[in-house]
Amino acid sequence: MTPYVMAAVDGSPQSLTAARWAADEAVRRGLHLRLVHARTWEDDIDADPGQPADVRALTTRMLVEARQEVSRSFPGLEIRAELIGDGVPADVLAGAAATAELLVLGSRGLGGFDRLLLGSVGQGVAARCDAPVVLVRASDTERTDVPEGPKVVVGIDTRAPSDAVIDFAFREAAARGAVLHAVHGWEPPPVWGYAGWVTPQTETEQFRSIEAELLGEALTGWREKFPDTVVVEDSRIGTGAGAVVDASTGAALTVVGRRRRPHPVGLRLGPVAHAVIHHAQSPVAVVPHD
């Protein structure tokens, strides 16, 4: 199958924002865009009780209008639009995106078809999709260019760095001509003293040096693979999620990883990814990895 970027639309302005973001990404990657809507029983609520409507026709019209709207901004882009079936939206979307290079979802809306993209659905898709998932809010596109130029932020787990996450982040930065900010948050272990549980300043500096070195090692080889990409290593005291959220301000994209789980039940988003998708100040890409 020809590679493509996929975006879920539901008729809301928020999902159209995500569709435009996906279209821009498809152009950047040289791929076509696939717009989809996963029909649910809640779509029936939009039918007029006094004039029974063909709900499939309503959703089809919504998809056609979304395609036309995106085409006006991206006239040369090949765009396909389709209704992909019934079921639990998160499962349907995750399954449909199995062959996509990227799935883009918008933020929650407040009525009509926008019931599809509630926060819980976006979170559910990000937690189980085999393709990278990008979550976009309308406010993410209102930011003006930052003075220092575009940047892509990636959260790095220095104890278990993921090649899939780092590769995705480097490719996104390279495609945008952006600076890549590799961020690692760490907390020094406290020791007991007269003042309680504290970390002596001398030990803090030692840990600072160790953590910075580990971050550099995690990026070993990647600088050579992407020689034109400027990399800023940012190892700071604090939680991993807090460090990434702070760095996301002004970013074109923030990238975090999500470990694939062998079991179908239980929490599938780690605490860092969960916190970042809720609090980051930019679009967030959740990249699955083993």
Side-chain angles (χ1 to χ4, degrees), residues 1-39 57-85 89 92-107 109 112-114 116-117 121-122 125-126 129-145 149-152 167-178 229 251-255 282-287:
M1 181 177 289
T2 304
Y4 60 93
V5 172
M6 190 169 99
V9 294
D10 59 7
S12 69
Q14 292 84 1
S15 73
L16 286 176
T17 295
R20 294 188 189 95
W21 196 98
D24 187 59
E25 186 70 16
V27 170
R28 188 177 291 112
R29 292 172 177 238
L31 305 177
H32 76 268
L33 175 64
R34 183 183 176 198
L35 299 179
V36 300
H37 175 74
R39 200 185 87 79
L58 286 174
T59 55
T60 299
R61 184 174 67 184
M62 180 271 295
L63 279 166
V64 170
E65 291 174 350
R67 182 181 182 278
Q68 292 173 341
E69 178 67 24
V70 176
S71 293
R72 280 193 281 270
S73 300
F74 300 88
L77 177 63
E78 179 184 354
I79 304 174
R80 304 172 188 176
E82 60 184 299
L83 185 63
I84 57 175
V92 173
L93 288 170
T99 56
E101 287 207 0
L102 193 70
L103 169 60
V104 184
L105 300 175
S107 64
F113 285 108
D114 54 12
L116 170 63
L117 295 182
V121 173
V125 175
C129 189
D130 284 332
V133 175
V134 176
L135 303 171
V136 182
R137 294 179 295 251
S139 59
D140 294 332
T141 63
E142 295 170 358
R143 187 188 62 253
T144 57
D145 292 336
K151 71 174 180 177
V152 170
D167 181 71
F168 182 92
F170 265 97
R171 291 185 184 279
E172 289 297 315
R176 289 171 168 78
T229 299
L253 183 67
T254 298
V255 183
S282 75
V284 176
V286 180
V287 181

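For the numbers below, each heavy atom of this structure counts, side chains included, while hydrogens, waters and symmetry mates do not. Keep in mind that what you see is a predicted model, and the values were worked out from it rather than measured.
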I'd like to check [X] versus [Y] (side-chain heavy atoms, cut-off strictly below 4.5 Å). Are they in contact?
| X | Y | result |
| --- | --- | --- |
| Arg34 | Ile84 | yes |
| Asp24 | Arg28 | yes |
| Trp21 | Leu253 | yes |
| Val9 | Val70 | no |

Measure the spacing between [atom1] of [X] and [atom2] of [Y] and express it to the nearest 0.5 Å.
| X | Y | atom1 | atom2 | answer |
| --- | --- | --- | --- | --- |
| Arg137 | Leu135 | CZ | CG | 9.0 Å |
| Ile79 | Leu63 | CD1 | CG | 12.0 Å |
| Leu16 | Met62 | CG | CE | 9.0 Å |
| Leu83 | Thr59 | CG | OG1 | 4.5 Å |

Closest heavy-atom contact between [X] and [Y]?
| X | Y | result |
| --- | --- | --- |
| Ala97 | Cys129 | CB-SG, 3.7 Å |
| Leu105 | Ala8 | CD2-CB, 3.4 Å |
| Ala100 | Ala131 | O-CB, 3.5 Å |
| Pro283 | Ala251 | CD-O, 4.5 Å |
| Thr2 | His32 | O-CE1, 3.9 Å |
| Ala26 | Val5 | CA-CG2, 4.0 Å |

Pick out which of Arg61, Gln68, Arg67 makes a side chain to side chain contact (heavy atoms under 4.5 Å, CB included) with Val64.
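The side chain to side chain contact (heavy atoms under 4.5 Å, CB included) with Val64 is passed solely by Gln68 among Arg61, Gln68, Arg67.
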
Judged by atom type as modelled, is there a donor-acceptor pair below 3.5 Å linking the side chain of Ser15 to the main-chain atoms of Asp10?
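Present.
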
Go through the steps to decide whether Leu31 and Leu102 satisfy the test side-chain contact (heavy atoms from CB on, under 4.5 Å), and finish with yes or no.
CA-CA 11 Å; Leu31 305 177; Leu102 193 70; over 6 Å; no

Should Glu101 and Glu25 be marked as a side-chain contact (heavy atoms from CB on, under 4.5 Å) after you check the CA-CA gap, both sets of side-chain angles, and the distance that decides it?
CA-CA 10 Å; Glu101 287 207 0; Glu25 186 70 16; over 6 Å; no

Check the pair Arg80, Met6 against side-chain contact (heavy atoms from CB on, under 4.5 Å), reporting the backbone distance first and the verdict last.
CA-CA 9 Å; Arg80 304 172 188 176; Met6 190 169 99; over 6 Å; no

